[in-house]
Amino acid sequence: MLKSKRDRGRILTASGLKKLNEALQEWSDRYNIRGTLTEIEAECGVGIDTVSKIKQGREGADLSKIRQLFAAFDLTLANGDHRSAKLDDAEDVDESDNLPTAEDTASSSRSVKVFVSYRSAEPDRELGKQLEMALSAIGHTVFTTENSIKLGDNWFDRINFFLKECDYLLLLLPPTVSQSELLTYQVQQAKELQDSRPDKKPIILPIRVGFPLNSPLNHDLRGYLYRIEQREWCSPADTPILIEEVLNLLAETPAQVNKELEDLTPNQVLEISSDNIPLPAAEPELPGGQVDVASQFYVERQPIEERCYQTILQPSALIRIKAPRQMGKTSLMARILHHGARQGYCTVPLTFQLVDKAVFANLDKFLKWFCAYVGRELHLANQLDDYWDDIFGSKVNCKDYFEKYILPQIDSPLILGLDEIDRVFQYPDIAEDFLGLLRAWHEESKRRDIWKKLRLIVVHSTEVYIPMNINQSPFNVGLPVDLPEFNAGQVQDLAARHNLNWSDAEVAKLMAIVGGHPYLVRVALYHISQSELTLDELQESALAKPSKRIADAGIYSDHLRRQLWNLEEYPELAEGMREIAAADSPVQLKSMQAFKLDSLGLVKLQGNECIPRCELYRQYFRSHLSAIG
């Protein structure tokens with residue numbers, strides 16, 4: 001027996017959905033609750049599945065249930081608030097007022113693969129699930145970590161698979177995104193895939209969830225996303241509008257979707273202008289990147305800062321800052337640039353990690369890009385055609401461009417801050433010539449006035465393993481700065497800045513877990529100061545026996561999983577870290593293994609031997625890498 005069209009039920013129009021979602025938002029705000037499906041069910045008596053169908057606005061529900069839901073929140077269901085679930089029985093409702101149905105959209109949309117990346121907390125999870133349902137309903141293939149990773153799957157392998165397979169990465173960005181290393185890493189991986197593919201997939205579609213567009217991202221995410229339009233979700237009332245926009249975007253060709261905001265330049269990524277200090281933008285106080293110059297949470301490790309401030313004002317200055325990840329290198333570089341800017345110097349920060357892979361195609365292209373970038377940051381017209389002559393070679397041309405054009409155009413010294421220069425090490429042919437060029441400029445500055453204007457800051461994480469002539473390397477001249485961990489006094493000072501009146505014993509207890517690692521210390525102090533956990537609870541979660549450990553869900557879970565992901569990608573590093581974590585005494589590794597683990601911040605080097613950087617790492621990797629070998 002055939003069912004009538006009416007048996008498909010009723011769905012809300014866009015106006016009906018807006019009315020309902022606004023009421024639900026007001027209700028959840030009034031009672032200070034999240035407004036989950038379970039809470040809505042308890043309030044109105046309509047089952048979770050039915051509530052989900054009604055809120056989704058795509059699957060028919062019984063009209064009596066819709067009326068019951070509306071009545072529970074003091075709403076009147078008008079004729080224009082609902083229609084038949086079958087489009088051809090829509091009773092003359094204006095289609096522009098409705099979200100597109102599966103039947104309507106499927107005929108005009110392409111079938112694509114979408115990775116919807118969202119955290120498990122609300123409201124991100126519910127928005128992610130509604131997007132997943134809407135996309136699946138019209139035939140798109142959707143990946144999510146919640147539904148596409150089965151028990152026993154390797155989480156990191158599956159994420160990499162989703163990124164490689166998908167045409168679009170639909171990225172839900174929460175307010176805490178600045179602290180999410182895994183999310184930043186997903187975007188980094190997606191950008192690297194884009195750089196390696198002619199079709200530039202996956203296309204990234206960022207949506208800020210309760211996270212205003214004018215709020216800053218962390219430094220890396222700003223660099224990766226600055227040319228990509230972002231959308232903002234403020235409340236459930238935005239959901240149907242957002243779904244409709246996403247569906248329309250996916251129905252277009254990739255060239256139309258991947259719009260770039262051409263009026264944006266890297267100046268705006270780093271918030272650089274001739275009137276402002278040329279530094280990465282201020283970060284939220286929640287730890288998650290470079291510490292803002294004005295932040296009260298930056299801890300000086302004197303006499304390092306004072307030496308750098310004095311050195312950068314001297315002709316021929318070259319400062320080399322070396323430390324593992326998240327030890328404060330970029331924050332220190334920012335302060336040196338700030339100090340120079342206050343003296344009236346021109347300053348240009350350049351982060352190599354954010355440079356497109358295509359720039360490293362060959363030395364000539366790289367040096368042209370380098371010259372053009374510095375010139376643009378100084379607001380100078382691109383004059384490469386006037387100074388670039390193939391007969392002289394790329395290095396001579398680059399030197400001439402600085403000597404005869406850039407430096408004569410400025411009236412004050414120029415400080416170049418070259419951050420994450422390790423990226424250049426991945427291209428040995430370029431690295432040897434470029435690093436040799438920096439050394440040559442440094443030597444020129446000792447004997448020629450025009451080059452005395454140039455001051456260099458070189459920032460890196462790893463030991464320099466590019467074979468170089470000792471007289472051509474910039475890494476054996478200038479002021480070397482090896483950033484140490486915090487000592488007990490500095491940890492206690494930082495605790496006080498978080499309004500924690502800690503004793504020496506409490507400082508010692510924290511350092512027994514994370515040592516003096518600046519980032520790990522700041523994360524702990526932030527969450528303890530917010531009364532989210534106690535020091536004893538942190539110790540229990542980090543150092544308990546594996547069967548009782550909850551570190552995977554604790555304040556360091558994102559950080560630790562990101563580090564584990566790094567190791568999963570490089571089996572030789574995972575094996576080295578497994579050996580170090582399992583041992584009760586220092587372990588000797590091959591030099592390259594040791595250098596790379598040190599650059600990741602996972603180990604400390606003691607001569608030719610390694611130990612875990614902190615007890616947190618020892619316990620976590622002893623447990624998670626035990627199956628290797």
Side-chain angles (χ1 to χ4, degrees), residues 272-275 277-279 306-321 333-350 363-364 366-389 391-419 421 424 432-459 468-481:
I272 300 171
S273 75
S274 57
D275 301 319
I277 296 167
L279 298 169
E306 190 58 37
R307 284 178 183 167
C308 291
Y309 298 156
Q310 293 174 2
T311 299
I312 205 63
L313 301 183
Q314 304 301 315
S316 306
L318 190 158
I319 300 174
R320 298 180 283 114
I321 304 173
M333 184 186 85
R335 279 154 182 75
I336 301 170
L337 292 172
H338 181 195
H339 184 72
R342 294 182 64 181
Q343 312 305 313
Y345 288 13
C346 298
T347 55
V348 174
L350 193 165
L363 180 66
D364 192 66
F366 174 79
L367 292 181
K368 280 183 175 179
W369 174 88
F370 181 71
C371 289
Y373 181 90
V374 174
R376 185 170 66 174
E377 301 307 284
L378 296 171
H379 307 288
L380 300 176
N382 187 329
Q383 300 290 335
L384 283 173
D385 289 342
D386 295 337
Y387 292 90
W388 218 266
D389 190 330
I391 196 170
F392 294 113
S394 304
K395 289 193 291 184
V396 171
N397 289 332
C398 182
K399 176 177 177 290
D400 280 355
Y401 196 77
F402 272 80
E403 181 178 307
K404 298 175 182 177
Y405 178 55
I406 289 181
L407 295 176
Q409 292 289 321
I410 57 178
D411 298 325
S412 60
L414 167 64
I415 307 175
L416 291 184
L418 308 180
D419 193 12
I421 204 168
V424 184
E432 183 174 359
D433 285 322
F434 178 62
L435 298 175
L437 189 63
L438 296 181
R439 171 64 182 268
W441 291 354
H442 175 69
E443 298 300 331
E444 286 282 315
S445 69
K446 296 177 182 178
R447 60 187 182 86
R448 299 183 59 196
D449 288 343
I450 189 67
W451 284 99
K452 292 184 186 297
K453 283 186 176 182
L454 183 65
R455 320 289 162 86
L456 296 172
I457 307 171
V458 179
V459 181
M468 296 192 69
N469 185 310
I470 193 171
N471 297 315
Q472 297 177 352
S473 171
F475 295 104
N476 54 10
V477 292
L479 175 68
V481 176

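Quantities reported herein were computed from a predicted structural model and do not represent experimental measurements.
Classification of the H339-Y309 ring pair by plane angle, with boundaries at 30° and 60°, yields parallel.
Under the 4.5 Å side-chain criterion, counting only non-hydrogen atoms from C-beta, Y345 is in contact with L313. Proximity of F366 to C371: side-chain heavy atoms (C-beta onward) are nowhere separated by under 4.5 Å. In this structure, V458 and L435 have side chains that are not in contact, with every pair of non-hydrogen atoms separated by 4.5 Å or more. When side chains are defined from C-beta on, Y405 counts as touching L380, because their heavy atoms get closer than 4.5 Å. Between L416 and V374 there is a side-chain heavy-atom pair separated by less than 4.5 Å. With a 4.5 Å cut-off on side-chain heavy atoms, L337 and I457 count as touching. L418 has its side chain out of reach of V459: every pair of non-hydrogen atoms, C-beta onward, lies at least 4.5 Å apart. In this structure, P413 and L454 have side chains that are not in contact, with every pair of non-hydrogen atoms separated by 4.5 Å or more.
Not counting sequence neighbours, the partners of S445 by the side chain to side chain donor-acceptor pair (under 3.5 Å) test are S316. P480 pairs by the side-chain contact (heavy atoms from CB on, under 4.5 Å) definition with R320, not counting sequence neighbours. For the side chain to side chain donor-acceptor pair (under 3.5 Å) test, residues two or more places apart in sequence or in another chain that qualify with W388 are D364. Scored by the side-chain contact (heavy atoms from CB on, under 4.5 Å) test, D389 finds I391, F392, N397 as partners (sequence neighbours excluded). Partners of K453 under the salt bridge (charged side-chain N to carboxylate O under 4.0 Å, His left out) rule, at least two apart in sequence or in another chain, do not exist in this structure.
Put simply, CG on L414 and SG on C346 are 6.0 Å apart, with the number rounded to the nearest 0.5 Å. Going from atom CD1 of I319 over to atom CD of Q314 covers 10.0 Å, rounded to the nearest 0.5 Å. Atom CZ of residue R439 and atom CG of residue L456 lie 12.0 Å apart, to the nearest 0.5 angstrom. Here the straight-line distance linking atom CG of D433 with atom CG of L363 works out to 5.0 Å at 0.5 Å rounding. To the nearest 0.5 angstrom, K368 atom NZ is 8.0 Å from S394 atom OG. Between the CG atom of L318 and the CG atom of L479 there is a distance of 9.0 Å, given to the nearest 0.5 Å.
Between C308 and V481, the shortest heavy-atom distance links the atoms SG-CG2, 3.8 Å. Looking at every heavy atom in both residues, R455 comes nearest to I312 through NH1-O, 3.1 Å. Closest non-hydrogen pair, A372 versus N382, comes out as CB-ND2, 4.0 Å. Looking at every heavy atom in both residues, I415 comes nearest to G340 through CD1-CA, 3.8 Å. Nearest approach of L350 to Y373, heavy atoms of both residues: CD1-CD2, 3.6 Å.
Proximity of a side-chain donor or acceptor of Y387 to a complementary backbone N or O of F402 within less than 3.5 Å is not detected.
Residue pairs meeting the salt bridge (Lys or Arg N to Asp or Glu O under 4.0 Å) criterion with at least one member in residues 401-410, sequence neighbours excluded: K399-E403, D400-K404, E403-R448.
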